[in-house]
Enquirer: 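A single structure is presented below for examination.
We number each residue from 1, following the sequence as shown.
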Amino acid sequence: MATVIKDATPKPAGPASSRDNADGVRRSSGPGDNRRSSPRGPSDRRPGGQDRRAAEPKLVELPDQITVRDLATLINVSPINVIRELMNNGVMANINQQLDFDTAAIVASGFGYEAKPKQIVVATPSAEQPVIDPATGEAAPGTLSTLRQRLLAKEASDMRERRPPVVTVMGHVDHGKTSLLDAIRRTNVAAGEAGGITQHVGAYQVEHEGRKVTFIDTPGHEAFTAMRARGAQVTDIAVLVVAADDGVMPQTKEAISHAKAAQVPIIVALNKIDKPNANPERVKKELSENGLVPDEWGGDTMVVPVSAKQRKGIDDLLEAILLVAESMDTIRANSARPAIGTIIESELDKSRGPMATVLIQNGTLNLGDAVVVGSVAGKVRAMFDFRGHRVKKATPSMPVSILGLSDVPAAGDILEVVEDERAARALAAQRAATKTREAGPSRATTLDEFFAQAKAGKARKLLLIVKADNDGSLQPIVDSLLRLNTPNAEVSIEIIHRGIGGITEGDVELAVASGAVILGFEVDMDTAARRKADVNKVDIRTYDVIYKLIEDVELALKGMLAPKIVQRTVGVAEVKQTFKISRIGVVAGLIVRSGVAQRNAQVRILRAGKEIYTGKVGSLKRLTEDVQEVRQGFECGLSIEGFGDYKPGDTIEFFVEEEQRPA
């Protein structure tokens with residue numbers, strides 16, 4: 001609450017207050033007291049009656065928001081006197097009224113205190129630059145790319161100790177990720193878990209030869225990258241599951257791209273080796289073609305044959321994980337400090353309230369700790385391990401579910417321990433206010449912005465995601481783009497993912513996480529991808545001529561990019577029924593679901609998420625009248641030039657084309 005003070009001049013306390021005169025004798029200053037203090041000139045008093053020769057004001061630390069009651073306690077006066085001082089300054093308040101810092105500072109000055117903002121003590125590895133931005137709760141940017149690297153860099157070398165490696169399992173949907181995870185933890189997910197905890201916990205630990213390994217059970221590599229986009233990467237090692245009878249599939253290639261973008265080592269679990277048609281050598285060849293050369297072929301990627309169904313090779317896989325972890329000096333932490341961790345998943349339990357699964361990345365989380373997670377505050381009132389057993393503390397790399405948060409945090413939010421619940425609430429409120437002021441989507445780099453950054457010396461590499469309709473088009477495009485790299489060039493191109501088929505939501509997630517630009521050749525974009533791209537301002541450019549695609553990238557490198565024509569969606573409607581009208585043809589009866597249906601817009605028709613036609617609006621009617629637009633929630637009739645094959649349930653997107661000038 002922002003309280004407005006009419007007169008900011010500090011005034012003396014109410015009639016019942018006392019003051020020390022210059023001669024050191026305490027005199028009453030109440031009404032009717034006609035005794036005179038020692039003589040002094042007009043210049044000896046400040047405006048408002050304060051004595052220049054009085055003692056220097058005492059310091060008091062005040063938070064951004066404080067109640068009248070708490071302020072009175074801090075400055076050791078009665079709440080009634082605080083309310084009286086507020087009234088003297090033109091503010092009517094009660095004892096539970098929230099005051100902002102400026103108002104509280106003026107009141108405190110009336111009682112001889114000098115106020116300064118209270119510094120919220122956030123648990124950080126050192127007193128230097130914190131790893132978490134206190135205003136937003138996001139991982140602070142720095143020269144190191146991941147939160148775990150920044151945490152480690154802040155710790156003294158003698159405080160770093162080995163912690164269990166954190167592993168994410170990725171791969172194609174039918175290649176046996178879930179079966180492999182079941183085989184590793186020797187449980188069946190469908191049978192549920194002990195302790196009455198909600199079935200899917202999101203992370204768990206296994207032990208192999210006395211050493212622990214933490215597995216993150218994510219829905220897919222899109223979720224893996226969405227978390228990394230928030231600066232909250234938690235993975236140390238990625239295990240890529242590839243079926244020996246199927247080989248490298250499109251989703252396998254996407255998973256490789258996501259893991260490489262995250263800069264984590266990859267171990268390949270060659271699954272289904274028990275099948276009669278398994279062909280491990282062919283799969284290894286395909287892996288080599290995608291940049292994962294097996295170590296037995298002279299590369300640096302460990303390929304471990306396994307059979308999740310028969311539980312063969314599981315110990316070998318765990319041994320490989322521990323071997324890779326042993327070679328990485330970054331898998332360390334300091335358990336002797338307050339905890340910092342990352343939310344893996346969260347939910348609102350009907351009986352327990354907000355629950356969150358957190359992976360501790362540094363320090364130790366104890367029962368009763370005050371925590372702040374993004375803009376959510378709380379106190380750890382209960383902790384459960386992945387089996388559902390109650391625990392009193394969680395050490396680095398340990399996943400636990402916690403109770404006691406005031407709200408449900410988002411996956412990827414950073415949890416940190418603070419000094420007390422009051423500090424947690426104040427910091428959470430500050431972050432909530434900051435997010436409200438700075439509300440806006442995260443932003444990926446555009447071709448226009450890239451040159452501006454390169455010119456300012458802030459960009460040296462242009463990251464691209466390339467999608468094409470077939471391999472015959474994809475390879476020439478990739479080769480042509482890479483030829484734009486020259487030895488003496490100040491900036492270079494790196495293609496972080498290439499693929500065949502339409503632009504998907506996963507492509508957009510990867511672009512958001514890495515700041516890449518998406519280039520498409522003769523491909524469509526699904527509805528979910530288009531919406532996510534609009535929200536996150538991802539630069540997606542589609543072409544039907546290869547040389548134009550290459551030319552645009554080359555011009556971006558040189559800073560001579562031509563204006564870009566962008567499509568802006570203005571409204572979305574749904575076909576409810578169709579009508580056949582003589583001299584006009586088939587007309588669709590619509591209801592506008594969002595935005596505005598415009599007469600002068602173009603339209604694209606989506607059926608089951610696939611675009612089937614793009615054209616111009618022929619007519620737009622509301623009841624029997626021609627109209628220029630129809631707003632959300634209203635029904636209308638629509639005809640589209642050159643199209644009449646409407647089906648109930650079709651989605652109609654209205655869009656306009658705009659010219660976007662280079663930055």
Enquirer: For residues 358-383, which residue pairs qualify under salt bridge (charged side-chain N to carboxylate O under 4.0 Å, His left out), counting only residues two or more places apart or in two chains?
Expert: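 Found Arg381-Glu421.
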Enquirer: Step by step, work out the side-chain contact (heavy atoms from CB on, under 4.5 Å) result for Ile66 and Leu74.
Expert: CA-CA 10 Å; Ile66 189 170; Leu74 275 177; 3.5 Å; yes
Enquirer: Determine the minimum heavy-atom distance between Ile256 and Ile266, stating which atoms define it.
Expert: O-CD1, 4.4 Å
Enquirer: Find the distance between CZ (Arg498) and CG (Asn290) and round it off to the nearest 0.5 Å.
Expert: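 Nearest 0.5 Å value for the CZ-CG distance: 8.0 Å.
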Enquirer: Kindly say whether Val538 contributes a backbone atom to a donor-acceptor pair with the side chain of Asn536 at under 3.5 angstrom?
Expert: no
Enquirer: Rounded to the nearest 0.5 Å, how far does OG of Ser307 lie from CD1 of Ile314?
Expert: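 With rounding to 0.5 Å, CD1 (Ile314) is 8.0 Å from OG (Ser307).
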Enquirer: Between Asp524 (side chain only) and Gly502 (backbone N and O only), is there a donor and an acceptor less than 3.5 Å apart?
Expert: no
Enquirer: Side chains of Val371 and Val418, heavy atoms from C-beta outward: is any pair under 4.5 Å?
Expert: no
Enquirer: Say you draw a straight line from CD1 of Ile360 to OG of Ser397; how long is it, rounded to the nearest 0.5 Å?
Expert: 9.5 Å
Enquirer: Taking side chain as C-beta onward, heavy atoms only, is Leu405 less than 4.5 Å from Val408?
Expert: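 A side-chain contact under 4.5 Å is absent here.
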Enquirer: Indicate yes or no: does Glu653 engage Arg530 in a salt bridge with an N to O separation below 4.0 Å.
Expert: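 Between Arg530 and Glu653 there is a salt bridge, with a charged N closer than 4.0 Å to a carboxylate O.
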Enquirer: Give me the atom names and distance for the closest heavy-atom approach of Ala394 to Met383.
Expert: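 Minimum heavy-atom contact is N-CE, 4.1 Å.
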Enquirer: Can you tell if the side chain of Val517 reaches within under 4.5 Å of the side chain of Ile465, non-hydrogen atoms only?
Expert: no
Enquirer: Lys260: what forms a side chain to side chain donor-acceptor pair (under 3.5 Å) with it, not counting sequence neighbours?
Expert: none
Enquirer: Mind checking whether Leu99 and Leu71 have side chains closer than 4.5 Å, heavy atoms only?
Expert: yes
Enquirer: Should Glu207 and Lys212 count as an ion pair when the cut-off is N to O under 4.0 Å?
Expert: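 A salt bridge is absent here (no side-chain N lies under 4.0 Å from a carboxylate O).
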Enquirer: Just how far is it from atom CE of Met328 to atom CD of Glu326, taken to the nearest 0.5 Å?
Expert: 11.5 Å
Enquirer: To the nearest 0.5 Å, how far apart are CZ in Phe655 and OG1 in Thr569?
Expert: 8.0 Å
Enquirer: Report the residue from Leu240, Leu317, Leu323 that forms a side-chain contact (heavy atoms from CB on, under 4.5 Å) with Ile267.
Expert: Leu317
Enquirer: Are any side-chain N or O atoms of Thr357 and backbone N or O atoms of Val400, one a donor and one an acceptor, separated by less than 3.5 Å?
Expert: no
Enquirer: In plain terms, say whether Arg211 and Glu319 are close enough for a salt bridge, that is, a side-chain N and a carboxylate O under 4.0 Å apart.
Expert: no
Enquirer: Is the closest side-chain heavy-atom distance between Phe384 and Leu403 below 4.5 Å?
Expert: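 Result yes, sub-4.5 Å side-chain heavy-atom pair found.
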Enquirer: Using a distance-only test with no angle check, is there a side-chain donor-acceptor pair under 3.5 angstrom linking Thr651 and Glu574?
Expert: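 Per modelled atom types, Thr651 and Glu574 side chains form no pair under 3.5 Å.
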Enquirer: Answer yes or no: is there a side-chain heavy-atom contact under 4.5 Å between Met525 and Ile540?
Expert: yes
Enquirer: Is the side chain of Asn271 donor-acceptor paired with the backbone N or O of Ala308 at a distance under 3.5 Å, no angle test?
Expert: yes
Enquirer: Locate the shortest heavy-atom distance separating Met398 from Asp385; write the atom from each residue and the value.
Expert: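 Scanning both residues, the minimum pair turns out to be CE-CB, 4.3 Å.
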Enquirer: How many angstroms lie between atom CZ of Arg311 and atom CG of Leu180, to the nearest 0.5 angstrom?
Expert: 11.5 Å
Enquirer: Ring-plane angle category for Tyr204 and Phe215, please: parallel below 30°, perpendicular beyond 60°, tilted otherwise.
Expert: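 Geometry flag for Phe215 against Tyr204: parallel rings.
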Enquirer: Just by distance, do the side chain of Arg425 and the backbone of Val372 share a donor-acceptor pair under 3.5 Å?
Expert: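 Checking the backbone N and O of Val372 against the side chain of Arg425, no donor-acceptor pair under 3.5 Å is found.
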Enquirer: Between Asp70 and Thr73, is the side-chain hydrogen bond (donor to acceptor under 3.5 Å, both in side chains) condition met? List the steps.
Expert: CA-CA 5 Å; Asp70 290 341; Thr73 302; 5.1 Å; no
Enquirer: Between Val169 and Lys177, does the side-chain contact (heavy atoms from CB on, under 4.5 Å) criterion hold? Intermediate values first, please.
Expert: CA-CA 7 Å; Val169 179; Lys177 296 192 301 293; 4.3 Å; yes
Enquirer: Just checking, any donor-acceptor pair under 3.5 angstrom between side chains of Ser179 and Asp182?
Expert: no
Enquirer: Given Ile518 and Val508, is the side-chain contact (heavy atoms from CB on, under 4.5 Å) satisfied, shown in steps?
Expert: CA-CA 8 Å; Ile518 300 177; Val508 178; 4.2 Å; yes
Enquirer: Do Ile344 and Ile216 come close enough that some side-chain heavy atom pair is under 4.5 Å?
Expert: yes
Enquirer: Could you check whether any side-chain N or O of Ser346 sits under 3.5 Å from a backbone N or O of Pro409, counting only pairs where one atom can act as donor and the other as acceptor?
Expert: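 Between the backbone of Pro409 and the side chain of Ser346 there is a qualifying donor-acceptor contact (under 3.5 Å).
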Enquirer: Compare every heavy atom of Gln205 with every heavy atom of Pro164, then report the nearest pair and how far apart it is.
Expert: CG-NE2, 3.9 Å
Enquirer: Can you give me the closest heavy-atom contact between Leu367 and Val391, atom names plus distance?
Expert: CD1-O, 4.5 Å
Enquirer: Would you check if Thr342 and Asp413 make a side-chain contact, meaning some heavy-atom pair closer than 4.5 Å?
Expert: no
Enquirer: Counting distance only, does the side-chain N/O of Asp236 pair as donor-acceptor with the main-chain N or O of Val166 below 3.5 Å?
Expert: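 The answer is yes, because a donor-acceptor pair under 3.5 Å joins these two groups.
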Enquirer: Shortest non-hydrogen contact from Thr235 to Ile237?
Expert: CG2-O, 3.0 Å
Enquirer: Answer yes or no: is there an ion pair linking Lys532 with Glu509, defined by an N-O contact shorter than 4.0 Å?
Expert: yes
Enquirer: Does Asp507 come within less than 4.0 Å of Lys467, counting only side-chain N to carboxylate O?
Expert: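 Looking at Asp507 and Lys467, the cut-off is met.
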Enquirer: Can you check side-chain contact (heavy atoms from CB on, under 4.5 Å) on Ile402 and Leu365, steps first, answer last?
Expert: CA-CA 10 Å; Ile402 62 172; Leu365 182 66; 4.1 Å; yes
